[in-house]
Amino acid sequence: MLRARGSDSSLAGTVRFKALIVALASCVSIAVALTGTEVIEVQMGESIQAAIDAAPDGATIRLAPGLYRENIIISKPLRLVGSGRSPSMTRIHAVVSQEVSTLTITGDADVVVENLVVDRSRKLFPDAVAVLGSGNVTLRGLEVLGSRSNGISIHSTGTVEIRECWIHTNMGNGIDVQSPGTVEVWDCVIGLNAGFGIVVQTAGAAVSGGGNDLRGNGAELGFFAPSELRTVLVEQTDATHVRVPWDYETIQEAIDAVAPGGIVEIAEGVFPQALTIWKSLTIRGQGADETKLETPKMALWLYGGVVLHEVESLIVEQIALKRPWVLVGPEASLQDVDVWCTASRYGLDDVGIELLGSAVAEFNSVRFREIEGVGLRVMESANVSMRGCLFERCDLGILVEDAGTIDLIGCDFLQMEGLALEVQSGDVHLSSCVIRGGEESGVAVYGGALFAQDCVIAESEGLAANGEVYVELVDCVITENITGVRVTDGAQVDLAGCAIDGNHGEGAVAMMGGRMDLTDCTITDNGHGSDRWSTDGVSVLKSSYVRMSGCSVGRNRGDGIRVGRPVLGSSPPGTERDEVYMDECRVFENGDSGLSILGWCRVEATNTALEQNAGHGIWIFPSILEGGIVVKLTDCTIAGHLGTGISIEGYTDVRLERCMIVRNAESGVVVEVGGWAVSESLKIRLHACSISENSTGVLLTGSPSVELADCQITSNLGYGLQIYGEGCGGDQGAYDPDLRFTGELTGSGNVIPDGSGLDGNSLGGICPAGEWDFLLEGAAPGQGV
């Protein structure tokens, strides 16, 4: 039967609660049947720990009234008995300098502790009472208060019985069960704790009890705690639709009273209440702007509502939730809900909504705003579907961990204070989502997998993948970020049809074993942020792998593609090269070279065009490492660069097949010795290449091994082929004998006309002439050697 408003108000409930506390506080010590072979009396001023250490197994230690300042550890079977709470009180107060619990029970012993006040100093963080090990422990008639952490923390695989205790004003949880043991809680008063009254953090724990009065905690029960532990405010009725405040003044009373599966309708207004939802139901407000659940003025509360694991389904509609909510296991649906909360009184990070256990949740038009912590935390095997949701100005939008699964469609992350999305494990799917704004925002994947399609990541940190993870992006736009995409430590990132454009630093980076596969992507206009030194379109280094197909890399401030870095010494055993493979790509109009190859690596390209870059088309910088660089280009075009078409130095194996090297402002191909260059192991093979309209066709210096076969070297402004020596160095400035060509030159079938022909090279075909005629078409093999 529904009650009239005011028939049993929340004030009356509070009076009953206080009366019970007074009754417990004023009772004389509970009668104790002392057992055991020996009774040890301890007076105030004496050491309890010394008595415990000296006591035989099974002894009873009886404490006189008074204040004992020490931290106690019990690891043997015994009974510890105080004089009660009032009027003559035995109080144990922690030693401030010791960061351990006031009372610790450990080992496999059977221990009984009765009629004590355990008062944890607020200056340190350990729990007031900690139960460890695997023994059978009974706590009866205790008052536990004042901990900066939990009142009673249970890490035991044995049996723990807690009876007739008063657990209050702790800054963590009243009772915190963290292990899969057996726990019974009977007839306790648990109130005014900042966290949960009772929380069970593992589904494997066997927790039971009843007759407990829980009020005024951050939330009364948490996670896997059974609802039977808590005495309800009112008895359940058969009503399927109740209203607050008309039928019941408080929302918790309405939840307790409504029949399972019923509706709790809340009027317009602000309701400062923390809720324990222990049955399937619907909570419906009058709109997110009209109905708000906020924090009580006492400001001890850390939670706005907890949905217990035994709840099968929950619907929340048209309401605003200020404080964090925890959902354990239900099938939940949230529609037109605002979630917002600021930092707690104690500076702890908040979570807007936390899902764990086997929760299955559907969010539609849910808005997470101004959360000084995590907007949505998805844990364990929870599954979430989100459509049309908004995350705005949160420290972290979504955190996915412990194999959670989440699908987001049409969701926006705007002006985030930190990351928009962090994936530590599990699978995340994004479609048509926008992540924009916030310099520390973006997406970070540290475990599991991320799949995104038609999404925008802009004005943030971009996308970072680290570790053994997989990321797949299709038709996404990654723009105006500090770095577009960063892949490290073995992560695999596949991008198809994506635009990585206009980022302040590098467009895409693979390093420390990172792997990227890019198909039909554009990587353009990156690196133009004035304070960034990393300005390349694509950067590959530290044993990483990149494959590019059908990609365009252009107008980046630095190099189009940069591979590796200079290294010293001999080849480290087992070290992998950086690897880059390109097919049908275009690298154009970059502010430095099109392709810079700087370290121990392998680069292969087919049907790729490098065009009109401000530096060289390809610059192979000296790697002082034996067998350092392998480059293979097939059917490629290297054209229109302000520097050299391809500049080759160092320990390098370079092979060009059927390539066109044309219209470069400096030489088409130059083998250049200087600086760090070591050319003794430099091997170059040019086969069936067309090299024309460059300053010089091919310039050879130093002592490389060069094979030139079936090439067309025509219409260059200088020599077609210049073998640097005393007679052919004048056009390059003063002759430098250190650059003199002393290497091996082989080949045949080349067309290298001098300046007299229509396609002749202006200064001549080969310099010096005659000695190298065996290279030419129709020459006898070996002639001139």
Side-chain angles (χ1 to χ4, degrees), residues 264 266 275 277 280-285 287-289 291-293 303-307 309 311-341 350-371 373-414 416 419-423 426-435 443 450-455:
V264 175
I266 307 173
L275 307 177
I277 300 175
S280 298
L281 51 79
T282 295
I283 297 178
R284 180 179 298 156
D289 293 332
T291 305
K292 300 178 181 180
L293 303 186
Y303 299 94
V306 178
V307 185
H309 74 290
V311 177
E312 294 183 359
S313 65
L314 171 70
I315 299 173
V316 181
E317 300 174 332
Q318 304 178 54
I319 202 166
L321 310 176
K322 180 175 180 180
R323 298 308 301 164
W325 276 53
V326 180
L327 282 68
V328 185
E331 292 187 5
S333 173
L334 278 70
Q335 171 77 40
D336 188 22
V337 172
D338 280 355
V339 182
W340 56 286
C341 51
D350 282 329
V351 177
I353 295 179
E354 185 170 24
L355 301 174
L356 66 160
S358 57
V360 178
E362 180 178 323
F363 293 74
N364 292 293
S365 300
V366 177
R367 298 163 292 275
F368 296 79
R369 291 192 175 105
E370 299 181 9
I371 297 175
V374 182
L376 174 64
R377 185 180 184 190
V378 184
M379 298 180 63
E380 298 175 0
S381 58
N383 297 286
V384 182
S385 174
M386 308 188 74
R387 186 181 295 269
C389 295
L390 171 66
F391 293 81
E392 187 174 19
R393 295 189 299 277
C394 302
D395 286 352
L396 171 57
I398 299 178
L399 174 61
V400 183
E401 55 183 332
D402 296 338
T405 300
I406 182 167
D407 293 307
L408 292 89
I409 300 173
C411 298
D412 292 343
F413 299 78
L414 304 178
M416 303 296 291
L419 287 170
L421 173 62
E422 179 178 327
V423 183
D427 292 339
V428 178
H429 299 256
L430 288 79
S431 178
S432 302
C433 296
V434 175
I435 298 168
V443 178
L450 172 72
F451 305 88
Q453 184 168 5
D454 297 318
C455 295

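Worth knowing before you read on, the calculation uses all heavy atoms, side chains too, and leaves out hydrogens, waters and symmetry mates.
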_From D454 atom CG to S432 atom OG, the distance as rounded to the nearest 0.5 Å_ = 5.0 Å
*asked:* When you compare the side chain of I266 with that of I319, does any pair of heavy atoms fall below 4.5 Å?
replied: yes
*Please report the shortest heavy-atom distance between A420 and I435, naming the atom on each side.*
CB-CG2, 3.5 Å
*Between atom CZ of F363 and atom CG of L408, what is the distance when rounded to the nearest 0.5 Å?*
10.0 Å
*With side chains defined as the heavy atoms from C-beta onward, is the minimum distance between L334 and N364 less than 4.5 Å?*
no
*Out of curiosity, R367 CZ to C389 SG, how far, rounded to the nearest 0.5 Å?*
9.0 Å
*Indicate the atoms forming the closest heavy-atom contact of A332 with L327, along with that distance.*
CB-CD2, 3.3 Å
*Spell out, as yes or no, whether a donor-acceptor pair under 3.5 Å connects the side chain of D336 to the backbone of Q318.*
no
*For residues F391 and L376, determine if any side-chain heavy atom of one lies less than 4.5 Å from a side-chain heavy atom of the other.*
yes
*Work out which heavy atom in P324 is nearest to a heavy atom in V351; give both atom names and the distance.*
CB-O, 2.6 Å
*Which is it for F368 and I353 under the side-chain contact (heavy atoms from CB on, under 4.5 Å) test, yes or no, and what are the steps along the way?*
CA-CA 9 Å; F368 296 79; I353 295 179; 4.2 Å; yes
*Below 4.5 Å, heavy atoms only, C-beta onward: do L275 and W325 meet side chain to side chain?*
yes
*Enter the distance from T405:OG1 to N383:CG here, rounded to the nearest 0.5 Å.*
4.5 Å
*CD1-CG distance between I406 and L421, expressed to the nearest 0.5 angstrom*: 7.0 Å
*asked:* Quick check: do M386 and I398 have side-chain heavy atoms less than 4.5 Å from each other?
replied: yes
_Heavy-atom check, side chain of V339 versus side chain of V366, under 4.5 Å_ = yes
*Are M379 and E354 close enough that some pair of their side-chain heavy atoms sits under 4.5 Å apart?*
yes
_Testing the basics here: between M416 and L396, what is the closest heavy-atom pair and its distance to 0.1 Å?_
CE-C, 4.0 Å
*Reported CG-to-NZ distance for the pair D338 and K322, which is rounded to 0.5 angstrom*: 13.5 Å
*Could you tell me which non-hydrogen atom of W340 sits nearest to which non-hydrogen atom of R369, and how far apart they are?*
CB-O, 3.0 Å
_Quick one, E317 with I315, criterion side-chain contact (heavy atoms from CB on, under 4.5 Å). Give me CA distance, side-chain angles, the key distance, then yes/no._
CA-CA 7 Å; E317 300 174 332; I315 299 173; 3.6 Å; yes
*asked:* So V337 and L321, do their side chains get closer than 4.5 Å, heavy atoms only?
replied: yes
*Does S313 offer a backbone N or O that forms a donor-acceptor pair with the side chain of S280 under 3.5 Å?*
yes
*So, are R387 and E362 salt-bridged, with charged N and O less than 4.0 Å apart?*
no
_I need the minimum non-hydrogen distance between E401 and L399, along with the two atoms involved._
OE2-CD2, 3.6 Å
